[in-house]
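So the structure is just underneath, and the comments pick up after that.
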There are 4 protein chains.
Amino acid sequence: MKPRKQPRQGRSRQTCDAILEASARILEEDGIARFTTNRIAERAGVSIGSLYQYYPSKEAILAALIRGLHEELLEDLGAAIKGATGRPFATAIEMLLKASLLHHARRPALAFTLERLEAGLPLDQETFELKQRIRVLVTGLLQRFGIDGVGQTAFDLIAIIHGLAQAATAAGETDMDALYLRLRRAAFGYLGMDWRSTPE
Amino acid sequence: MKPRKQPRQGRSRQTCDAILEASARILEEDGIARFTTNRIAERAGVSIGSLYQYYPSKEAILAALIRGLHEELLEDLGAAIKGATGRPFATAIEMLLKASLLHHARRPALAFTLERLEAGLPLDQETFELKQRIRVLVTGLLQRFGIDGVGQTAFDLIAIIHGLAQAATAAGETDMDALYLRLRRAAFGYLGMDWRSTPE
Amino acid sequence: MKPRKQPRQGRSRQTCDAILEASARILEEDGIARFTTNRIAERAGVSIGSLYQYYPSKEAILAALIRGLHEELLEDLGAAIKGATGRPFATAIEMLLKASLLHHARRPALAFTLERLEAGLPLDQETFELKQRIRVLVTGLLQRFGIDGVGQTAFDLIAIIHGLAQAATAAGETDMDALYLRLRRAAFGYLGMDWRSTPE
Amino acid sequence: MKPRKQPRQGRSRQTCDAILEASARILEEDGIARFTTNRIAERAGVSIGSLYQYYPSKEAILAALIRGLHEELLEDLGAAIKGATGRPFATAIEMLLKASLLHHARRPALAFTLERLEAGLPLDQETFELKQRIRVLVTGLLQRFGIDGVGQTAFDLIAIIHGLAQAATAAGETDMDALYLRLRRAAFGYLGMDWRSTPE
DNA sequence: TATGAATGAGTGTTCATTCAT
DNA sequence: TATGAATGAACACTCATTCAT
């Protein structure tokens, strides 16, 4: 499941990245249906042998992409929560929501497909931990403001964000600002806050 | 995509159903990974030749299952909305939510898997229409109570329900009553209603 | 390891046999080097899919061939030993030796290659039992004549026969009668009998 | 087939030997299945590029190992036959047999595997000549004692030794002394000598 | 000279689908 | 109409070998 080598420098690093980027593009354009190792190698401009030098299996590539997605989210959320210190609850939540949409905004189709695929896969340890850390981050924020049942609330909040973002992408929406407002309404509503106030 | 024949009576009907039921069970137990036509035929107690007499392709079987899911939902929602006539808004929404969870309650693994798969497939016309009718149903209910932006609201409401139900199933939750309460909180919140009142 | 289906009749039986025969021929002509499933299927005049309908893996085909070899040997030895009842020891051993050479005489290259390959493979249960039954047969014969250390003697006798037959085949010998005489000398000598008497 | 260079001195020689030793160990531990050039290089602590600097192909490495085995045998036999001058026939044969078992005693698994593999390979000229010299050695010994049909006798003797040694190794035997006694019985018997006399 | 990243032909195997019976 | 043997394109993956550095 883990990459085979990480001589993360020079030519190797480039090959590694090319494989991941080609994989991402194939998923974006064709979904899993045509996500085959030979096609990945071809699009990466790399031989099939090289692909297997860096990733032990097709699943490992997928796992790497998924892990990447979660790392990105974790980073975005971390930055948002850090930046929210000292701000009122509503503002903090708003920043959280915006951060949650970032990776959808960057590569909607990729985020959509990867999140969909992840649900049908057995999670590897590392990804599991990433998700846990994400939940911990959200839980921590809620705790800071004395919310009840922080664990469950965080879980539901994430599920709602996820559900709305996935549905919007599936429907072909591209207006992230509009989506943000609806998301804010859903999240604020769930948290018992007044979403009719002026959003940031 | 459509079944090959609909002599919806007698032995043919039975064979059709056996194939669908076998498919459902395979999806529930093993996911898509082992969802193969030969296995379906075997579990249905039918020859592979017969399977192809009733369904032109594997996708057609999947499409039929997905269509079935939506038909079920449509029916459940229809009944709920019908039963809600004359009741206050909060009660109507509560009935709507309960109806939405029915198919998750009946066969959680199947609902989970099919909804996940659906998102990665091109929708056939008939399923598209079914989904539209579902949205129309919800939209109609909202309209009856003078809600603003009924289309968008219905869309988001469905997305939120979907998101929470999928996340709960993925996490292995089985307590549908608990899920209902959280769902109620999310939906009521999104609609600007007070979810702290006594639920039905 | 075991064949997948044995509807040992009609077309199926033919396909099964064609695969085995093609495999045998490839082993005879090219050894393991070119023993590939696609080549087997091609030479059998059968699609690769059919091959896998009857044998779950390449190893299973090899195992079937090896099993066949041992079944043949068992049968030949059984007949020889049965026919030797009432005959003197020397005659009984002579019949045993002749029977042991039969499968080498029929398809020398195949016997040679299969016996060589067998030594490098983990034996499946059934083949193991076949070999045991062969040893039991030889042991029984020796016991009938009050030989000491029948187990070890049978083992060594089989090894000597095997060694001579393999070496002769490797050297390209074809004169089975000449080989028989040398084999007789070796076996009789090992058993402490006079091999200078007139052979049968 | 031949090593690429024989600057049989200094570092080159060391690299060559490391490759051969790594190959031997892999064959002993895993058989041919995992006998791959990359693995050999890795275990030898040498880059794959260097491996190909010394051996033009995987077969060349195998050939070198086989050649080494025969060189060893030739040396052991030569020493035995030299040491047997002036001794009676029985003693000479006993020394020959003991010498024949030496390489099996030293590295049973390696000898077993290499001898098995050799039979399935086209012999290179040099190995062919080595085997011939071995046969000449044995033939010469027999001739010294006025044995009839020395060529054939030598051939058969070698085959019998080989057959028993391989079978014993395959069966997991480790008691070389016991094996020697059975071998003596077989060889003496084949030569028409009394193996019931006291062995050396 | 030594390295190891890169190559790609070739392997075993699956599975949706067809069609003779 | 039902059967299930047969098909073969397509797939994941390996490994001997090359060659730029």
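Below, chains carry the letters A, B, ... as their sequence lines are ordered, and counting in each starts from 1. Values below: every heavy atom of this structure, side chains too, minus hydrogens, waters and symmetry copies.
No side-chain heavy atom of D/Glu118 sits less than 4.5 Å from a side-chain heavy atom of D/Leu69. Under the 4.5 Å side-chain criterion, counting only non-hydrogen atoms from C-beta, D/Leu121 is in contact with D/Ile66.
When the side-chain nitrogen and oxygen atoms of C/Ser50 are compared with OP1 and OP2 of F/dA5, none of them lie within a distance under 4.0 Å. Between C/Tyr52 and the phosphate of E/dT14, there is no side-chain N or O to OP1/OP2 separation shorter than 4.0 Å. Dashed line: the shortest gap from a side-chain N or O of C/Thr15 to OP1 or OP2 of F/dA6 is under 4.0 Å. Note on C/Ser47: every side-chain N or O is 4.0 Å or more away from OP1 and OP2 of F/dG8.
Regarding B/Ile48, its CD1 atom lies at a distance of 17 Å from the P atom of F/dT7, rounded to whole Å. Regarding A/Lys58, its NZ atom lies at a distance of 8 Å from the P atom of F/dC11, rounded to whole Å. Residue A/Ile19 contributes atom CD1, which lies 11 Å from atom C1' of E/dA6 at whole-angstrom precision. Taking atom CG of D/Leu51 as the reference point, atom C1' of F/dT17 lies 11 Å away to the nearest angstrom. Residue A/Tyr54 contributes atom OH, which lies 12 Å from atom P of E/dG4 at whole-angstrom precision. With rounding to whole Å, B/Glu59 atom CD is found 6 Å from E/dT17 atom P. In this structure, CG of C/Leu62 is placed 14 Å from C1' of E/dG12, rounded to the nearest angstrom. In this structure, the CD atom of C/Gln14 is 12 Å from the C1' atom of F/dA5, given to the nearest Å.
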Quiz item: Does the pair C/Leu114 and C/Leu62 meet the rule for a side-chain contact (heavy atoms from CB on, under 4.5 Å), with working shown?
Solution: CA-CA 8 Å; C/Leu114 284 179; C/Leu62 205 50; 4.2 Å; yes
Self-check item: Worked verdict on B/Glu59 versus B/Asp124 for side-chain contact (heavy atoms from CB on, under 4.5 Å)
Solution: CA-CA 10 Å; B/Glu59 270 69 43; B/Asp124 58 308; over 6 Å; no
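Heavy atoms only, all atoms of each residue included: A/Leu130 and A/Glu71 are closest at CD1-CG, 3.8 Å. Across B/Ala22 and B/Ile40, no two heavy atoms sit closer than the pair CB-O, 3.7 Å. Here the closest heavy-atom approach between residue C/Ala111 and residue C/Gln166 is recorded as O-OE1, 4.0 Å.
For residues 24-35 of chain A, the side-chain hydrogen bond (donor to acceptor under 3.5 Å, both in side chains) pairs, not counting sequence neighbours, are A/Glu21-A/Arg25, A/Glu28-A/Arg107, A/Glu29-A/Arg43, A/Asp30-A/Arg39.
Of all nucleotides listed (F/dT17, F/dC13, F/dT3), F/dT3 comes nearest to the side chain of B/Gln53.
Sorted by residue number, the list of members of residues 28-43 of chain D with any non-hydrogen atom under 4.0 Å from DNA chain E is empty.
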Self-check item: Canonical and wobble pairing (Watson-Crick, G-U, under 3.5 Å) of DNA chain F, dot-bracket with |
Solution: .||||||||||||||||||||
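No more than 12 heavy-atom neighbours from other residues, nucleotides or ligands sit within 6.0 angstrom of CD on A/Glu42.
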